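To start, the structure itself, in structure tokens.
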There are 2 protein chains.
Amino acid sequence: MMKVTISDIAKAANVAKSTVSKVLNDSPKISQDTKRKVRDIMQQMNYIPSSIATGLARQSSLNIGLLVDMSKESEFLNQFFYNIIGGIESVIGPLNYELTLSNVQHDRPEGHFLNRLVRSKRVDGIIANNSVLTEELSIELNRLQFPYISIGEIIPPASWVDFDNVLGGRMLTGHLLEQGYSAIAFIGGQQFETIFTHRCNGFLQALQQAGITVNSNWIVNGQSDEHGGYQAALNLLQSDERPDSIVCMSSYVAFGVLQAAKELGINVPSQLGIAAFDEYPLSRYTTPPLTSLNIDTFSLGVSSGHLLMDRIRNSELPSRSLLLEPELIPRQSTLRNPS
Amino acid sequence: MMKVTISDIAKAANVAKSTVSKVLNDSPKISQDTKRKVRDIMQQMNYIPSSIATGLARQSSLNIGLLVDMSKESEFLNQFFYNIIGGIESVIGPLNYELTLSNVQHDRPEGHFLNRLVRSKRVDGIIANNSVLTEELSIELNRLQFPYISIGEIIPPASWVDFDNVLGGRMLTGHLLEQGYSAIAFIGGQQFETIFTHRCNGFLQALQQAGITVNSNWIVNGQSDEHGGYQAALNLLQSDERPDSIVCMSSYVAFGVLQAAKELGINVPSQLGIAAFDEYPLSRYTTPPLTSLNIDTFSLGVSSGHLLMDRIRNSELPSRSLLLEPELIPRQSTLRNPS
DNA sequence: TTGTATGCGTTATCAT
DNA sequence: ATGATAACGCATACAA
């Protein structure tokens, strides 16, 4: 397979290279006749323009970079990665952009993505999780005036997309209140994490709005995993002041809580209501199935794609941020009939 | 941020562009002195070569394409995508290749990946699932002599990587036999699917080896999902000749089987053993936890990456195929003490 | 409307 | 060991 270039087409069509180029870009100042002729020949010769040459001439790669830190086994990404990518692709694909995935190893300086991707112009813009987009990197990208979007809130000036965790906290807590629960605890998360702060704030807001005084012992920080949830629940459920329901920082925390309740012979949902952030495929298979907060990760990708493309098209645009609404999925773990 | 090119460096260092280029590529015929000098200036001026220009000159993109059909909601990919990508990246990353993800929409001919990615030279090679790599495409890629690897067996001549499904069938069945089960059924899969054929063949081989005659009623084809498993199990477990154990085409099938057994009051594992292909995160959370066959999807990515890079480096290499061994994870759903 | 010439930022082939 | 110059394949300002 020998490659056929714009010159070959020009020669075969008896026109200049520039004419072929203009036909390629459907320039209005080329006659329909020559367009047809040139296009026919392109077809015959099976011509496809070289994206690299086009990129060099146009000074753009038609490539979006998605940065991931694959060294951490992020359960979250692991689950939703595919959806996020699908969302991004659904908006950049039709604009003829491709998605370049790049592994950010913070410990491999020679291959730092700033050089590998950004400064070498392999991509025209990047999307990254806020865990890889440190403040330092953010500042550097701003200085380079390079378009980027963070998935997850970061400090301004920068554009980001995230789920409304405060609202999420309010929704889960509000749902428990509606179901007749009133002694509500919150398990999981570390105090310095903004995601904990947001979610817990929503929790507190809902309680306050309901006129319920918060029991500070009922906010238990810790690892947001199964074991953490298990331990916290074990303590909480055996204490003197036992809550009648729990909001969990993640479904994994909830799995631990479920386990603890089971061992202690506490019935869910009649004696204990359990509601969790971060719906997982497993959530509907637990016994009882878990009430949780679903986030539409596909639309997360869509939104970040749009924000990024806007920025690439108009670099003078001010930075924007977007809060997406989560969706409550009520299941048996909280559905009791208030007597 | 004004871009700095090789010419700027040459000017600043008082050498020719070609010298700078040679320094860039660490040519042995440049003196250490000039190398040092030029490199210093590169540092000072914060120079990074343009990957696009390099690509044009070298006629290579340093880009690997990963093709996915995002229109299908493949549960499988959804779960393992991240791992596969991680595996691929771990081998191509150190070789300075990036991963370009591309959505293959079979219904969008104008943007066919053959043109968008391959013929436009956006990527130097591709990796794709066998569901997107149709025979037709395979032939065309062979004709173009374009390097590609299939994840999942396809017809030769082509390189592919897959798990050994025959072996997997033998392993699951053999495990059941070891646990003292002898009346083993097989649920799930369609007869025309090679993946069913392979797995079922392994099943049959193990039975034959154990001298057990196969009951053809105990091979039940159908959708490999929860509902399919549920229905098949319901029939099987209420029939006159009831099996004492079941090999399931997927963990979802097993979930359905578990449900059916529960409803019929059949105890697992004492009255019924259940073993399944395709370990999922959920598998260890069911009651009882599910014995299943784990596949190391990361190493699947690694292998396909290696095969592809070999092919890119030496296009004359004959096509190869690789069968990866699955791993049995014994759990309570099959662990009974044979009396 | 079409053609000419030059640029995009590298690499590679020759000379020197 | 270094430099001049021609590719690489396309876009574009300017001429014609």
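Here is how names work: the chains are called A, B, and so on, in the same order as the sequence lines, proteins then strands, and each is numbered from 1. Bear in mind that the values here come from a model prediction, so they are computed numbers and not experimental data.
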Between [X] ([atom1]) and [N] ([atom2]), how many Å, whole number?
X	N	atom1	atom2	value
A:Leu24	D:dA11	CG	C1'	10 Å
A:Ile6	C:dG3	CD1	C1'	13 Å
A:Lys35	C:dT1	NZ	P	9 Å
B:Asp26	D:dT2	CG	P	13 Å
A:Leu62	C:dC8	CG	C1'	15 Å
A:Lys17	D:dA7	NZ	P	11 Å
A:Lys3	D:dG9	NZ	C1'	10 Å
B:Ile48	C:dT10	CD1	P	10 Å

Has [X] got a side-chain N or O lying under 4.0 Å from the OP1 or OP2 atom of [N]?
X	N	answer
A:Thr19	C:dG3	yes
B:Gln59	C:dA12	no
A:Thr34	C:dT2	yes

Taking atom types as they are modelled, is there a donor-acceptor pair under 3.5 Å from the base of D:dG9 to the side chain of B:Lys121?
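Absent.
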At under 4.0 Å between heavy atoms, what does [X] touch on the DNA or RNA strands: base, sugar-phosphate, or nothing?
X	answer
A:Thr54	sugar-phosphate
A:Ser21	base
B:Val15	sugar-phosphate
B:Asn14	sugar-phosphate
A:Ser18	base

Examine the side chains of [X] and [Y] and answer whether a donor and an acceptor come within less than 3.5 Å of each other.
X	Y	value
B:Thr100	B:Arg122	no
B:Ser138	B:Tyr148	yes
A:Ser21	A:Ser18	no

[options]: which one has an atom nearest the side-chain heavy atoms of [X]?
X	options	result
A:Leu56	D:dG9, D:dA13, D:dA4	D:dG9
A:Arg58	D:dC8, D:dT2, D:dT12	D:dT12
B:Asn25	D:dG9, C:dT11, D:dA1	C:dT11
B:Ala57	D:dC8, D:dA11, D:dT2	D:dC8
B:Ser31	D:dA1, C:dT1, C:dC8	D:dA1
A:Lys29	C:dT4, D:dC10, C:dT1	C:dT1

Decide if atom CD of B:Glu325 counts as having more than 12 heavy atoms of other residues, nucleotides or ligands within a radius under 6.0 Å.
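No, CD of B:Glu325 has 12 or fewer neighbouring heavy atoms, counting only those of other groups under 6.0 Å.
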So does B:Asp26 pair up with B:Lys35, basic N to acidic O under 4.0 Å?
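Salt bridge: yes.
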Can you name the nearest heavy-atom pair linking A:Gly65 to A:Leu99, along with the distance?
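What the structure gives for the nearest pair is C-CD2, 4.4 Å.
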